[in-house]
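To start, the structure itself, in structure tokens.
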Amino acid sequence: MESTRQQDRGTGELAAATPGGRSAALPYLNLLVTMVMFGSAFASSKVVVGEMPHEVAAALRFGGGGLLLILLAVLLRRRSRPIGTAAVRAGLAGLLGVTGYNIFFFWGLSLAPSLDGSVIVPVLSPVLTTASLILLRREKASWTRITGLAVGALGAVVFFLGIGGQPAGSTRLAGDLVFVAGAACWAAYSILSKSLLAGIDPLRATAWGTSVGGLALIALAVPGMAETQWQTVSGTAWANVVFLAVGPTAVAYLFYYRGLRSVSPSSATVMMFSVPVFGSFFSTVFLGESFTGVQLAGTLVMLAGALFAVAGPMLPARRPAPGRAPEGAARGEREPA
């Protein structure tokens with residue numbers, strides 16, 4: 001009997017130590033899958049934009065991805081809660097994280113190497129997320145984090161200086177600046193989606209958000225679709241379209257939503273430091289792209305600064321009253337950062 005009571009206490013302690021009885025590492029594993037998929041998307045999308053307008057490429061990727069997620073949500077409808085009026089909030093998140101971000105993502109790929117995007121977007125997104133949270137007074141930063149932001153910005157300047165040796169007429173610098181705009185859009189999405197998606201089933205939220213964002217991309221791509229020479233699009237490009245719809249879209253966005261529900265926006269974006277590794281690998285192996293020496297130095301400086309900026313000590317801007325638990329703590333949730 002005593003042994004049984006001890007086992008029960010041990011089980012209870014384990015459940016208390018892990019929200020909902022699940023491993024605390026699970027959200028980060030979800031995010032890691034997302035980052036592998038995101039890393040592969042740069043090289044794969046570059047192949048597609050080489051054969052069709054970037055607006056059309058974005059519409060095909062997220063039109064297909066949204067359809068797959070809707071089908072998955074229907075098949076698993078008994079295992080998830082109805083979304084109800086929260087569909088509006090999920091749609092708004094989709095317009096920002098799908099439509100807004102991917103306008104810049106595919107536009108940048110049409111102008112610059114995928115290798116540049118695989119560094120700029122995932123490295124600057126955490127920096128911009130952290131800076132925004134500080135400016136909005138939702139986090140208080142230590143000098144370590146402030147120094148990290150400054151070093152990250154310096155690294156970005158060095159990275160862009162490394163493009164100076166490009167031939168006349170090169171669009172690489174313009175493309176890299178478009179990638180910066182994409183990073184800013186993703187940072188805004190990471191911050192706002194934390195509150196927009198609160199309490200929504202992750203699969204249904206992903207399906208609604210991706211579908212709404214995909215429909216907006218399709219509407220924007222109508223003129224480009226009429227001008228596309230469909231008969232010239234290769235089988236390789238179509239294979240990449242299918243891969244983008246399934247992996248970096250349906251799978252990646254679902255896992256990102258699942259991870260973001262359990263960790264703060266700045267903590268979630270720390271995982272993006274792995275994207276340059278995956279993205280550089282795919283771009284180098286499959287497309288033969290490469291950095292200049294100055295760009296590589298700038299990349300290392302950016303990574304170091306971003307790591308300090310995001311991982312440095314910080315305190316929430318508002319603290320709960322003494323003796324009062326933060327809202328959601330009883331459910332094992334963390335407060336939005």
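We use all heavy atoms of the structure for the numbers below, so side chains are in, but hydrogens, waters and symmetry mates are not.
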* To do: Flag the pair V56 / V48 as yes when at least one side-chain heavy-atom distance between them is below 4.5 Å, and no otherwise.
  => no

* Between W107 and V180, is there a shared hydrophobic cluster once you connect ILVMFWY residues whose side-chain heavy atoms come closer than 4.5 Å? -> no

* Between S118 and S283, a side-chain donor and acceptor under 3.5 Å -> no

* Measure up the F286 and F281 rings against each other and bin them: parallel (under 30°), tilted (30 to 60°), perpendicular (over 60°). => perpendicular

* Contact summary for L124 and A183, nearest pair of heavy atoms -> CB-CB, 4.1 Å

* Asked: Got R172 and L111 here, is their nearest side-chain heavy-atom distance under 4.5 Å?
  -> no

* Over all heavy atoms of both residues, which pair between A58 and L217 is shortest? Give the atoms and the distance, please. => O-CD1, 3.8 Å

* **Aromatic ring pairing F105/Y101, orientation class (parallel under 30°, perpendicular over 60°, tilted between)** => tilted

* Looking only at heavy atoms, what is the nearest atom pair of S114 and K46, with distance? -> CB-CB, 3.9 Å

* Asked: What's the shortest heavy-atom distance between C185 and G100, and which atoms?
  -> SG-C, 3.5 Å

* Are T130 and I134 close enough that some pair of their side-chain heavy atoms sits under 4.5 Å apart? -> yes

* To do: Using the rule that two of Ile, Leu, Val, Met, Phe, Trp, Tyr join whenever any of their side-chain heavy atoms come within less than 4.5 Å, decide whether L287 and M52 are in one cluster.
  => no

* Asked: When the ring centroid of W186 is compared with that of F179, is the distance short of 6.0 Å?
  -> no

* Asked: Do L60 and W238 have side-chain heavy atoms sitting under 4.5 Å apart?
  -> yes

* Asked: Do E289 and T284 have side-chain atoms, one donor and one acceptor, less than 3.5 Å apart?
  -> no

* Evaluate side chain to side chain contact (heavy atoms under 4.5 Å, CB included) for F42 paired with V121, printing each intermediate quantity in order. => CA-CA 10 Å; F42 289 91; V121 175; 4.3 Å; yes

* Would you say W143 has more than 12 foreign heavy atoms packed within less than 6.0 Å of its CH2? -> no

* To do: For residues V119 and T299, determine if any side-chain heavy atom of one lies less than 4.5 Å from a side-chain heavy atom of the other.
  => yes

* What closest approach, in Å, do A245 and L68 show between heavy atoms, and which atom pair accounts for it? -> O-CD1, 4.0 Å

* Cluster check L300, F160: I/L/V/M/F/W/Y, side chain < 4.5 angstrom -> no

* Mark yes or no for whether T249, through its side chain, and G65, through its backbone, hold a donor-acceptor pair below 3.5 Å. => no

* To do: Please assess V158 against V301 for the test side chain to side chain contact (heavy atoms under 4.5 Å, CB included), listing each intermediate value before the final yes or no.
  => CA-CA 8 Å; V158 174; V301 174; 5.7 Å; no

* To do: For residues F278 and F38, establish whether the separation of their ring centroids is below 6.0 Å.
  => no

* State whether the side chain of R61 and the backbone N or O of S45 hold a donor-acceptor pair below 3.5 Å, judged by distance alone. => no

* Asked: Same cluster or not: are F106 and F243 linked, directly or through other Ile, Leu, Val, Met, Phe, Trp or Tyr residues, by side-chain heavy atoms under 4.5 angstrom apart?
  -> no

* Heavy-atom distance under 4.5 Å between the side chains of Q295 and D116, does that happen here? -> yes

* Might you point out which heavy atoms bring G209 and V98 nearest each other, and give the distance in Å? => O-CG2, 4.1 Å

* Asked: Distance only, no hydrogens: is a donor on one side chain within 3.5 Å (strictly under) of an acceptor on the other, for T232 and E51?
  -> no

* Give a yes or no on whether the backbone of A237 and the side-chain of S234 come within a donor-acceptor separation of less than 3.5 Å. => yes

